[in-house]
Amino acid sequence: MYKAQFTTPIYPYLLLLPQMAIIAIFFLWPSAEAIRSSFFLSDPFFGSETFVGFQNYTDAVTRSDYMRVAWFTLIFTAVVTFVSLAIALILAVAADNVLRGQGPYKTLLMWVYAIAPPVAGLIGIMLFDQHIGPIVRFVALFGWEMQVGVDYWDSAIAMMVVATWKQIPINFIFFLSGLQSIPKGVREAAAIDNPSPSSRFWTIIFPLLAPTSFFLMIINITYAFFETFGIIDVMLKGEPGNNPVTLVYKVFLDGFRGNDLGGSSAQSVILMVFVLALTIVQFRLIERRVHYV
């Protein structure tokens, strides 16, 4: 087996230095500062700090609004992850069966991924506008008077729809790549053994997509927790009020709007620990059922 040889022992470390510097500056240093600040009550105007121990953590988890935001974040993450994966899988299967016009078909499905989250949020505002929004007009035909920005669950549904729509393309790309990597001989043998297309998909094709599905599940959970910030911020128009928000957006509200730097730092640490624990559980329990071929 060929192994890379370096003339100078320090050379590989120099190659790693830029990436390690980025990790240290943009992740490790802010994380350490957030942990330190979470134990202090900070004055944002005069820069003074008072050590309060775990009081910021206690205040965060015992507040009713924090628990409501936490439950909504779990619901939001579950819905966005499941729906975006399901729709992307259906579209990928359909695209895999297209014989003519594959290029334009795939492009139409993937172009949304190039849209930045704030832009997706702006498009969502137009789609769910009370006066000119086409989606609002459509659901009004069934007697549903949708009031985004006024009604809690109407706003929640609009945020979930836009966040899901934004994430479908990347899921589609990976699912389609996974489907096209399945050997043709395996599909032909499966067609001989099992004539039912649906049964053949769930018993043979879908299990072969398990590594891709597991990877996408991790990516989508991370996306729903953190990367939907821009969508939520634009759709709430800077006035969250009683509208639904996620935990990462609440950290921003309490820290930069409420000037509670210690409390927002404690919330960010709680969120970081929760996501880390969730990732560990996923790799320890779910990955055991994933078979790599």
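Atoms considered below: every heavy atom in the structure, side chains included; atoms not considered: hydrogens, waters and symmetry mates. This one's a predicted model, so the numbers in the text were calculated from it and none came from an experiment.
In this structure, Phe175 has its ring center at least 6.0 angstrom away from the ring center of Phe172.
For the pair Ser37 (side chain) and Ala34 (backbone), a donor-acceptor distance under 3.5 Å is absent. No donor-acceptor pair under 3.5 Å is formed between the side chain of Asn56 and the backbone N or O of Ser265. A distance-only check finds no donor-acceptor pair linking the side chain of Asn243 to the backbone of Tyr152 [under 3.5 Å]. Side chain of Thr77 to backbone of Leu74: no donor-acceptor contact under 3.5 angstrom is found. Checking side-chain atoms of Arg137 against main-chain N and O of Gln130 turns up no donor-acceptor pair under 3.5 Å.
From Thr228, atom OG1 reaches atom CE of Met235 across 11.5 Å, with rounding to the nearest 0.5 Å. How far OG1 of Thr222 is from CD of Glu227: 7.5 Å, rounded to the nearest 0.5 Å. Here the CE atom belonging to Met67 is positioned 9.5 Å from the OG1 atom belonging to Thr62, to the nearest 0.5 angstrom. Here CG of Leu216 is found 11.0 Å from CD1 of Ile221. Values are rounded to the nearest 0.5 Å. Going from atom CD1 of Ile182 over to atom CD1 of Ile205 covers 4.5 Å, rounded to the nearest 0.5 Å. Of the inter-residue distances, the one linking Met160 atom CE with Thr164 atom OG1 reads 8.5 Å to the nearest 0.5 angstrom.
Of all heavy-atom pairs spanning Ala224 and Phe76, the tightest one is O-CE2, 3.6 Å. Of all the heavy atoms in Ile270 and Ala60, the pair that sits closest is CD1-CB, 4.3 Å. Summarising the geometry of Leu236 relative to Met159, their closest heavy-atom pair is CD2-SD, 4.4 Å, with the distance given to 0.1 Å. Between Phe72 and Val245, the shortest heavy-atom distance links the atoms CD2-O, 3.3 Å.
When the options Leu247, Val251, Val69 are evaluated for a side-chain contact (heavy atoms from CB on, under 4.5 Å) with Gln267, the one that passes is Val251.
Looking only at side-chain heavy atoms (C-beta outward), Ile123 and Trp165 come within less than 4.5 Å of each other. Between Asp154 and Trp144, some side-chain heavy-atom pair lies under the 4.5 Å cut-off. Residues Met146 and Ile157 have side chains in contact (heavy-atom distance under 4.5 Å, counting atoms from C-beta outward). Within the 4.5 Å cutoff, side-chain heavy atoms of Leu89 are placed close to those of Leu209. Counting heavy atoms from C-beta on, the side chains of Phe225 and Thr246 never come closer than 4.5 Å. With contacts defined as side-chain heavy-atom distances shorter than 4.5 Å, the pair Pro117/Lys166 qualifies. For the pair Gln167/Ile219, a side-chain contact is recorded, criterion being any heavy-atom separation below 4.5 Å from C-beta on. Residues Val52 and Phe40 have side chains not in contact (no heavy-atom distance under 4.5 Å, counting atoms from C-beta outward).
Between Asp254 and Lys250 there is a salt bridge, since a side-chain N of the basic residue sits under 4.0 Å from a carboxylate O of the acidic one.
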How far apart are the C-alpha atoms of Tyr249 and Asp233, what are their side-chain angles, what is the distance that settles it, and do they pass the side chain to side chain donor-acceptor pair (under 3.5 Å) test? CA-CA 8 Å; Tyr249 195 73; Asp233 186 48; 2.7 Å; yes
Take Tyr223 and Ile170 through the side chain to side chain contact (heavy atoms under 4.5 Å, CB included) test and state the conclusion after the steps. CA-CA 11 Å; Tyr223 161 79; Ile170 186 64; over 6 Å; no
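Crowding of Met272 atom CE: a count of heavy atoms from other residues, nucleotides or ligands under 6.0 Å exceeding 12. Within 6.0 Å of the CZ atom in Phe54, the count of heavy atoms belonging to other residues, nucleotides or ligands does not exceed 12. The neighbour count for Leu14 CG, taken as heavy atoms of other residues, nucleotides or ligands under 6.0 Å away, is above 12. Atom CZ of Phe226 has more than 12 heavy atoms from other residues, nucleotides or ligands within 6.0 Å.
Linking ILVMFWY residues whenever their side-chain heavy atoms come closer than 4.5 Å, directly or via other members, places Ile231 and Leu253 in the same cluster. No continuous path of ILVMFWY side-chain contacts below 4.5 Å connects Leu41 to Phe256, so the two sit in separate hydrophobic clusters. Val275 is connected to Val80 through a chain of hydrophobic side-chain contacts under 4.5 Å among Ile, Leu, Val, Met, Phe, Trp and Tyr, so both are in one cluster. Grouping the Ile, Leu, Val, Met, Phe, Trp and Tyr side chains by contacts below 4.5 angstrom, directly or via other members, places Trp153 with Trp71. Note: the hydrophobic cluster containing Ile22 also contains Ile25 (ILVMFWY, side chain heavy atoms under 4.5 Å, direct or indirect links).
Relative to the ring axis of Tyr66, Arg68 does not place its NZ or CZ within 45° and under 6.0 Å from the centre.
Between the side chains of Ser84 and Asn220, at least one donor-acceptor pair of N or O atoms lies under 3.5 Å.
Ring geometry for Phe206 versus Phe201: interplanar angle of 30 to 60°, hence tilted. Aromatic ring orientation, Phe39 versus Tyr57: tilted (interplanar angle from 30° to 60°).
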